[in-house]
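Start at 1 with the first residue, then count along the sequence.
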Amino acid sequence: MESTLSVVGSKAILTLFGPCDQHLRRIRNDLGVSITARDDRIHIVGPEAAVASATEVIERLQVHADRHGGLSPDDVNRVLAGVRNGQADAELAPIDVFRAGRQIRPRTPGQARYVEAIRRHDVVLCCGPAGTGKTYLAVAMAAAALKREVIRKIVLVRPAVEAGESLGFLPGDLQAKINPYLRPLMDALHEMMDHDLIKRYTEEDLMEVIPLAYMRGRTLNDAFIILDEAQNTTVSQMKMFLTRMGTGSRIVVSGDVTQIDLPSKSRSGLVDALSRLRGIEGIAAVKLTAADIVRHPLVQQIVNAYEDKPGKR
């Protein structure tokens, strides 16, 4: 089967095909079709279903390029995943963070639901595999809320649970000891704010990055509070965390229930909360899947392999 698409100008074709044809190769290899361009037309040849998918991918990429002035490898991967999984393309307004020129958008329909849930609810519980943007998008929404002065403070929280291996004695003061556990939250934050701004906000107590144990006994008003790696909380820790919420505050809880590092007899606080809090008004639960992974394309295949084919013992 063959399909032909009209493209206005060689510049548009270069944008669609990418530097050194990297976008073209990604589409061609992923869908098993032949794609060529001639006289401002793109020709797609291959099996009927593959040609239909490739045509839809290129049409979506054309729309995205027209709206945003270009394409990145992540855009191509997102559109390919959306077409493969039969999902509509996700287009939401960008999340306005502090770093000039930095645009953060949901890249999948699942991520779009997640961001919309954060906008509409005071408490959001999100579970999903690695690479789905759970932490990154939550930190972006917190930064945007602080910039708009909707809240007065950002609090980033993580349980200090080792991932299946003992780190032993860590040298240094308290901050140096807990830094390895909190590093993923800081990595996300540094993509959205300049280092000097983060330092100033930290000194002015407008931003905290702390281990979960330090939340006990506190009440946080007008704050955006994020609990990352929540699958590694116990039920009592989750209750303690959720009840720190004061007036004017929002909470986002995220984690991956397939990567629980608690002792085998301990029930995950995230698993328990997803069940216990279902149906309460003002609380939303969002489940992201492998289709929402936006890291390296191989990450999605790795997650699928571990879900579909348990390793031999």
Side-chain angles (χ1 to χ4, degrees), residues 64 67-70 72 74-75 78 89-128 131-158 182-210 220-230 241-242 244-255 282-286 288 292 294-295:
H64 185 92
R67 287 178 179 173
H68 306 297
S72 70
D74 283 341
D75 295 327
R78 172 184 58 81
D89 206 6
E91 278 292 342
L92 283 185
I95 302 169
D96 185 20
V97 294
F98 287 86
R99 191 177 288 275
R102 178 73 170 169
Q103 284 197 340
I104 298 174
R105 298 174 183 269
R107 295 180 181 175
T108 70
Q111 288 188 347
R113 290 194 304 271
Y114 180 38
V115 169
E116 194 62 20
I118 295 173
R119 286 188 171 129
R120 293 177 178 271
H121 297 82
D122 289 336
V123 176
V124 176
L125 308 174
C126 179
C127 67
T132 51
K134 304 182 297 294
T135 303
Y136 190 81
L137 290 172
V139 172
M141 292 295 287
L146 185 62
K147 183 176 182 180
R148 299 197 318 272
E149 299 183 351
V150 175
I151 47 99
R152 293 189 295 109
K153 183 172 187 170
I154 296 175
V155 183
L156 307 176
V157 185
R158 216 168 187 246
L182 305 177
R183 190 71 241 173
L185 291 168
M186 293 303 298
D187 288 343
L189 203 55
H190 276 284
E191 289 201 28
M192 299 162 201
M193 295 184 185
D194 293 330
H195 175 77
D196 290 343
L197 185 60
I198 293 174
K199 183 178 179 181
R200 177 162 65 85
Y201 279 179
T202 301
E203 291 172 350
E204 294 174 358
D205 201 32
L206 297 176
M207 188 179 301
E208 281 187 83
V209 186
I210 58 175
L220 294 169
N221 298 318
D222 301 313
F224 198 119
I225 314 162
I226 299 170
L227 175 59
D228 188 36
E229 296 292 327
F241 172 78
L242 291 173
R244 301 308 94 201
M245 185 180 187
T247 57
S249 289
R250 299 181 183 185
I251 282 179
V252 177
V253 176
S254 67
I283 298 178
V286 179
L288 301 177
D292 298 303
V294 293
R295 288 182 184 168

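- Partners of S72 under the side chain to side chain donor-acceptor pair (under 3.5 Å) rule, at least two apart in sequence or in another chain, are D75.
- Legend: residues meeting ring-ring contact (aromatic ring centres under 6.0 Å, His included) with F241, ordered by chain and number and at least two apart, are absent.
- When the side chain to side chain contact (heavy atoms under 4.5 Å, CB included) test is applied to A138, the partners found at least two apart in sequence or on another chain are Y114, I226, V252.
- Y136 approaches E191 most closely through the heavy-atom pair OH-OE1, 3.1 Å.
- Of all heavy-atom pairs between L288 and Q111, the closest is CD2-N, 4.0 Å.
- In this structure D222 satisfies the side chain to side chain contact (heavy atoms under 4.5 Å, CB included) test together with R152, sequence neighbours excluded.
- Side-chain atoms of S249 come within 3.5 Å of backbone atoms of L220 as a donor-acceptor pair (strictly under, hydrogens ignored).
- Atom-to-atom distance recorded for L189:CG and I198:CD1 is 4.0 Å, nearest 0.5 angstrom.
- Residues R244 and V155 have side chains not in contact (no heavy-atom distance under 4.5 Å, counting atoms from C-beta outward).
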I'd like to know whether I95 forms a side chain to side chain contact (heavy atoms under 4.5 Å, CB included) with M192, so could you lay out the CA-CA distance, the side-chain angles of the two residues, the decisive distance to 0.1 Å, and finally the verdict.
CA-CA 10 Å; I95 302 169; M192 299 162 201; over 6 Å; no
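- Residues forming a salt bridge (charged side-chain N to carboxylate O under 4.0 Å, His left out) with D205 (at least two apart in sequence, or on another chain): K153.
- Remark: I104 CD1 to L137 CG distance equals 8.0 Å, nearest 0.5 Å.
- Separation of atoms CD1 (I225) and CD1 (I154) is listed at 11.5 Å; rounding is to 0.5 Å.
- Between the NE2 atom in H190 and the CG atom in L197 there is a gap of 11.0 Å [rounded to 0.5 Å].
- Closest approach of M193 to A143, counting heavy atoms only: CE-CB, 4.0 Å.
- Scanning for salt bridge (charged side-chain N to carboxylate O under 4.0 Å, His left out) contacts around E204 gives R200, with sequence neighbours left out.
- Here the straight-line distance linking atom CG of L146 with atom CE of M207 works out to 6.0 Å at 0.5 Å rounding.
- Within the structure, salt bridge (Lys or Arg N to Asp or Glu O under 4.0 Å) pairs that include any residue of residues 131-148 comprise D96-K147 (at least two apart or interchain).
- Using modelled atom types and a 3.5 Å distance limit, the side chains of D292 and T108 yield a donor-acceptor pair.
- With sequence neighbours excluded, the residues that form a side chain to side chain donor-acceptor pair (under 3.5 Å) with D194 are R99.
- For T135, the side chain to side chain donor-acceptor pair (under 3.5 Å) partners are D228, not counting sequence neighbours.
- Nearest heavy-atom pair across R113 and V286 is O-CG2, 4.4 Å.
- Among all heavy-atom pairs drawn from N221 and G246, the shortest one is OD1-CA, 3.1 Å.
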Begin with the C-alpha distance, continue with both residues' side-chain angles, and end with the deciding distance and a verdict on side chain to side chain contact (heavy atoms under 4.5 Å, CB included) for L227 and I251.
CA-CA 8 Å; L227 175 59; I251 282 179; 6.0 Å; no
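- The minimum heavy-atom distance between R250 and V150, with the atom names listed, is NH2-CG1, 4.0 Å.
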